[in-house]
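Both backbone and side-chain heavy atoms feed into the values below; hydrogens, waters and symmetry mates do not. Below, read A as the first sequence line, B as the second, and so on, with proteins coming before strands; counting in each chain starts at 1. Since the structure is predicted, the reported quantities are computational estimates derived from the model, not experimental observations.
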There are 2 protein chains.
Amino acid sequence: MGNRDRILELSLKLLNEEGAQAAGTTRIAQVLGISPGNLYYHFRNREAIVRGLFAGLEAEFRAMMVDDVVPPILPERFAAFYLRSFDVAWNYRFFFGGLHHLLRQDEELAASYRQLQAWAIDELEGIVRQLVKDGSMEKPRSKNGLRSLGLNTWIIWMNWIRFVQISGRDQVTRDDMIEGVGQIFDLLVPYLDPAFEKAARRVLTRELRSNPT
Amino acid sequence: MGNRDRILELSLKLLNEEGAQAAGTTRIAQVLGISPGNLYYHFRNREAIVRGLFAGLEAEFRAMMVDDVVPPILPERFAAFYLRSFDVAWNYRFFFGGLHHLLRQDEELAASYRQLQAWAIDELEGIVRQLVKDGSMEKPRSKNGLRSLGLNTWIIWMNWIRFVQISGRDQVTRDDMIEGVGQIFDLLVPYLDPAFEKAARRVLTRELRSNPT
DNA sequence: GTCTATAAGCAGATAGAC
DNA sequence: GTCTATCTGCTTATAGAC
């Protein structure tokens, strides 16, 4: 593994553990046992490192959507998708924690992020739309109900981990992620076919059991 | 108005406009036309300024809850409450944008915040519980439905402005705030009495009309 | 590709005069 | 309460040798 990849790998670890603003280039180089000069050989500046990490997030996110969102959407698949989505969010949690600041200081990153976000919200709306088509879900009465549902899903998803972290639990566990999936389920519950909900919920319960605190 | 208050007032303005990490003590003092020494006479350190601002947020937030959440909850009152709540969030938007970082570097602030958050979630749950009591809302079927509804409300509320900002709208308008209230309404819609919803929604529409883009 | 050495700038914070 | 002057420590980033 070349130094470029080692820099990305360690940066992700440090930023996730200590916050998006905490680890500077000097420290990254030092922990890695390379020189600052070397680091700057591989990345024009600090922002380029973050952009490199974001590229990883984007790739994982898009791959997940392509793999998992295949109609018809069965309840097990549905639950698995959301569980996996929280794993992705967890792996790049620094990003969501420091989002505002990161985008403010890097217009290029901001543009990439906005594109991904717009696509993601569309996809999430597409999922609920598909559920309606599959007969697994009742259509909301209001005009923009499906859109709004997709948007609320996105907002809960992207902020759940930050919420858990700032709430001060000493250790964030996999159960916290499963709880996050539950929060998203609750958005859809009033519209979901009870049998579908029950089957999806069962997947979560099983995951909980397999990861005792 | 003494310098202490002027420091708080300007800090709030700068942090809101430029982000929670942007404005340093040097710059605050400079813009204000006072010396750094004077600033440090009034505040032990930068964190103390942020804590001072948080005290303002907390006071406004609690006052709002006490003033507006009085049973029975009528639809107009209900809508007005959420509109006002977004005004408060907007006035202290720097805080929610930089929350993760701010709490990480100030344990005292983190403790205050967590206390307020816990109380707020309880209150939001209390509101939906009251709506059920008033007969304006149907009770969710699931065991923790009301709790979950309160929690989702909180997460949307505290993250809506950050969402709007990172989405890159050039100008964040009052209409964006009204849209945020709409997102929260949509969480409750499936359970709400249609007449109640219609009356509450009408307040929002009227607000939209009175603030043309 | 990797190193050493260091520039340049800004942050938070303090001492002590007035 | 307010000032001037300054210190310390940090950061990003670069120049140029190997």
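Each of D:dT4, C:dT2, C:dG12 was ranked by its minimum atom distance to the side chain of A:S35; first place goes to C:dT2. The B:P36 side chain lies nearest to C:dA13 when the options are D:dT14, C:dA13, D:dC3.
Electrostatic pairing of B:R84 and B:E60 does not count as a salt bridge here, judged by no charged N lying under 4.0 Å from a carboxylate O. For the pair A:R77 and A:D67, the salt-bridge criterion is not met [side-chain N within less than 4.0 Å of a carboxylate O]. The pair A:E108-A:R44 does not count as a salt bridge, with every side-chain nitrogen at least 4.0 angstrom from each carboxylate oxygen.
Note on B:T26: every side-chain N or O is 4.0 Å or more away from OP1 and OP2 of C:dC10. Put simply, A:Y40 has a side-chain N or O that comes within less than 4.0 Å of OP1 or OP2 on D:dA13. For C:dC3, one of the phosphate oxygens OP1 or OP2 lies less than 4.0 angstrom from a side-chain nitrogen or oxygen of A:N38. The phosphate of C:dT2 has neither OP1 nor OP2 within less than 4.0 Å of any side-chain N or O from A:Y41. Listed pair A:N3 / C:dG1 fails the phosphate criterion, with no side-chain N or O lying under 4.0 Å from OP1 or OP2.
Looking only at distances, no side-chain donor or acceptor of A:R6 sits under 3.5 Å from a matching main-chain atom of A:N3.
Separating the CD atom of A:Q21 from the C1' atom of C:dA11 is a distance of 15 Å, rounded to the nearest angstrom. Distance A:R27 CZ to D:dT12 C1': 16 Å, rounded to the nearest Å. Regarding A:I49, its CD1 atom lies at a distance of 13 Å from the P atom of D:dT11, rounded to whole Å. One can place CZ of B:R44 at 15 Å from P of C:dG12, the figure rounded to the nearest angstrom. Rounded to an integer number of Å, the gap from B:R6 CZ to D:dT2 C1' is 12 Å. What separates CD of A:Q30 from C1' of C:dT2 is a distance of 17 Å, to the nearest Å. Rounded to whole Å, atom P of D:dT2 lies 13 Å from atom CZ of B:R4. Across the protein-nucleic acid pair, A:E47 atom CD and D:dT11 atom C1' stand 13 Å apart, rounded to whole Å.
Remark: B:R62 is positioned above the aromatic ring of B:W119, its terminal NZ or CZ atom under 6.0 angstrom from the ring centre and at most 45 degrees off the axis.
Contacts of A:G24 with the nucleic acid, taken as non-hydrogen atoms under 4.0 Å apart, involve only primed sugar atoms and P, OP1 or OP2.
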